[in-house]
Each structure stands twice: as C-alpha cells, then as structure tokens.
Protein chains: 2
Amino acid sequence: MSDKTTRPVPIDVDPELACPIAPVVDIVFSRWTTPILWALNEFGRQRFVELERAITTITPKVLTQRLRQLERDGLVSRAYYPEVPPRVEYEITELGRSLAPLFASLAEWSVNLDKVEQARRDYDERVHGSRRGTPPSTQR
Amino acid sequence: MSDKTTRPVPIDVDPELACPIAPVVDIVFSRWTTPILWALNEFGRQRFVELERAITTITPKVLTQRLRQLERDGLVSRAYYPEVPPRVEYEITELGRSLAPLFASLAEWSVNLDKVEQARRDYDERVHGSRRGTPPSTQR
DNA sequence: CAGCATCCTGCACGATACTG
DNA sequence: CAGTATCGTGCAGGATGCTG
C-alpha cells in the first residue's frame, strides 16, 4: 500500500464542485432515463407505444415526462406525424449516442454483479438476526 | 418499412432483461451514492464527519443509510475504532475501486454539459410562452 | 464523534378519465 | 395512438432529540 497521502478534503467545496460527475449522473441516470436511452440506442427509433411496451413497468404519464426531459436535454429527438391515428417516433440524438461507450462500460462492469450479491449475502449473514431486527432482505 | 433493421422489440422482455445495465445503475448511481463513492475514491479513506462535510448537503441520517448500503454491496468498507471519542473510517474497496474507469468515462462525458445546457435553452425558447400555461407569478 | 429513533413533509409516481 | 389533467399515495429524505 502506498501511503497515498489521504490529503484533507478541501473545505471550500460546494456540492457541485465536490463531485464533478454528479451533474452527468443527474442527466443520464435519473429515474427512468437509463432504460429509455438504452432502448432507443439499442433498437433505434421507436414509437411511444413501443417504448411503453419495452419498459413494461413504466406508466404512460411518466414515460411522457421522461421523454420530454430527455428531449429538452438534447439526448432524444421527437418526430410527430399528424396522421390518423397520430404517430410519434422517438430517436436518440447524436449527443445521446455519444453515451454509448458509457453504456458499454456499465455493461462490462455488470460482470461484478455476482460479487455484489455475494457481498450482500455475507453482510446479511454477518448482521445475522442480532439486535432487534431489520427483517432480512426485503430490499426494494 | 424501414430498410434500417429497426427490428421489432422482443415482446418477452421483462424489466430487468430489457435493460441489462439497469441493475448496475441501481447499485452505483442510486440517490447519494455517486458523490460518496467519488469522494472515497478521490480522497481515500475518510471519517464519517469528513464525508459529511465533503457532501455538504447530505444529512447524517441519509449518509449513514447510503454508507450501509454501499458497505452491504461490498463497495465500501467500514472500520470502527472504539476510542473516545469514537472514530469510524470508511474506505472504498477493491470492488469499488473497479468503478474508477466508469467514473473517468463520466468525467469525460461532462464536456458535453454545455451542449445539454444549450439544448435546454433552445427547447425552452422554442416552447417559449406558447400555450396557456403557467401564468407568470400572477397567483399569490 | 457516529450513530439510531421518531415524527413530519414533499413530490415522484400510480391510477383513472378524458381529448385531438 | 399519444398524449394531457386531476386526484391520491408511499416513501425517500429533512428536522430534531437522545445514546455509547
């Protein structure tokens, strides 16, 4: 172990400065944005109802909200065709597509999910049932 | 028909299968975990109060919750020293450190934040004040 | 210092109904 | 089909107070 100078944290940091990647996370990984962006990036342009089906658990209201947000952020583009019945197609933008390597990194890291699950088992076992307790598991 | 292989989305996808990176996002980028992991990765092991100060806006309760979660997931280790006053030091684990390239990707992408902000301005201008909406502060 | 217990609040999201 | 409008709710998170 190199004694890597655990240098004192600068005291003047404010929330945004403290963690420069936080803003990106807010934009890209906020509530439902990941599956939406991923689906659009993976399967190409899709209609509203297709997205709705692809992300089975989302409600149309929230899907609309998130799509608007992503459109506003320039990550997704919306094409409206005033036919009957109306048709709307969503597509990932160039800016959105620039997230692809990020998603790839994420996907790579997912090989570690077993370790996480193992760590959880170890932890839960270590905590045992000691103390008044927190019924095991039941997270989310 | 698009000649562009917008192949139909498989219908049998369930939420988790639909987006393979979602679980990773849940673990790594859930509510306050990013600044915590980032701080521990950047500044090395730190005491509770140091983290509290580094992430200025977090409350001790929530910080505890998130640290427990990260500890359970094996991303952070907790060392308790029963002195007076007691001392607790948190450190990122090897597994946690394996996220570093991911954070680096995030940091790289943050050069695009201007584009996002520009897109927002464009969008807001495009929507302008059209439609009935949102009477500017007339109420109360 | 490093927490846990308790109470309280906001708002993110679900459910439902209705338009173009 | 692709949304909006409205109402209701759970629970993440804030505030406060108390321990080892």
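We use all heavy atoms of the structure for the numbers below, so side chains are in, but hydrogens, waters and symmetry mates are not. In this text the structure is predicted, and so the values were computed from the model without any measurement. Letters A, B, ... mirror the listed sequences (proteins, then strands); counts begin at 1.
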| task | Name the closest nucleotide to the A/V88 side chain, picking from C/dC4, D/dG13, D/dA2. | result | D/dA2
| Proximal nucleotide (of D/dC1, D/dG3, C/dG14) relative to the A/V62 side chain | C/dG14
| All side-chain contact (heavy atoms from CB on, under 4.5 Å) counterparts of B/T33, not counting sequence neighbours |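 Expected list: B/S30, B/R66, B/Q69, B/L70.
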| query | By side-chain contact (heavy atoms from CB on, under 4.5 Å), which residues pair with A/T93, not counting sequence neighbours? | reply | A/S77, A/L95
| Contacts of type salt bridge (Lys or Arg N to Asp or Glu O under 4.0 Å), residue B/R47, not counting sequence neighbours | none
Over how many whole Å does the gap from [X] atom [atom1] to [N] atom [atom2] extend?
X	N	atom1	atom2	result
A/I36	C/dC13	CD1	P	10 Å
A/E83	D/dG3	CD	P	13 Å
B/L63	D/dA15	CG	P	15 Å
A/Y81	D/dA2	OH	P	12 Å
A/R31	D/dG13	CZ	P	10 Å
A/I58	D/dA2	CD1	P	15 Å
A/I55	C/dC13	CD1	P	13 Å
B/F48	C/dC1	CZ	P	11 Å

| request: Decide yes or no on side chain to side chain contact (heavy atoms under 4.5 Å, CB included) for A/V24 and B/V116, but give the supporting numbers first. | output: CA-CA 10 Å; A/V24 181; B/V116 172; over 6 Å; no
| remark: Letter by letter from the 5' end, nucleotides 15-20 of chain C scores (B base, S sugar-phosphate only, - none; protein heavy atoms under 4.0 Å) B----B
| task | May I have all residue pairs that pass salt bridge (Lys or Arg N to Asp or Glu O under 4.0 Å) and include part of residues 91-106 of chain A, sequence neighbours excluded? | result | A/R45-A/E91, A/E94-A/R97
Who pairs with [X] by side chain to side chain donor-acceptor pair (under 3.5 Å), at least two apart in sequence or on another chain?
X	value
B/R78	B/Y90
B/E71	none
B/E83	B/R87
B/R31	none

Would you list the atom pairs, donor with acceptor, under 3.5 Å between side chains in residues 106-113 of chain A and any protein atom, with sequence neighbours excluded?
from: A/W109; atom 1: NE1; to: B/S98; atom 2: OG; distance (Å): 2.9
from: A/S110; atom 1: OG; to: A/A107; atom 2: O; distance (Å): 2.4
from: A/N112; atom 1: OD1; to: A/K115; atom 2: NZ; distance (Å): 3.3
from: A/N112; atom 1: ND2; to: A/W109; atom 2: O; distance (Å): 3.3

| query | Axis-to-axis angle across the helix from C/dC1-D/dG20 to C/dG20-D/dC1, five pairs an end, to 10 degrees? | reply |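 Rounded value for the end-axis angle: 50°.
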| field | Same apolar cluster (I L V M F W Y, side chains within < 4.5 Å links), B/L40/B/Y80 | value |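 Hydrophobic grouping puts B/L40 with B/Y80.
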| request: Indicate whether the side chain of B/Q118 and that of B/D114 have a donor and an acceptor atom separated by less than 3.5 Å. | output: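 There is no such pair (donor and acceptor under 3.5 Å, judged by atom type) between the side chains of B/Q118 and B/D114.
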OP1 or OP2 of [N] less than 4.0 angstrom from a side-chain nitrogen or oxygen of [X], does that happen here?
X	N	answer
B/Y90	C/dG3	yes
B/R47	C/dA2	yes
A/R87	D/dA2	no

| request: Using heavy atoms and a sub-4.0 Å distance, could you list which residues of residues 65-79 of chain A are near DNA chain C? By number, please. | output: A/R66
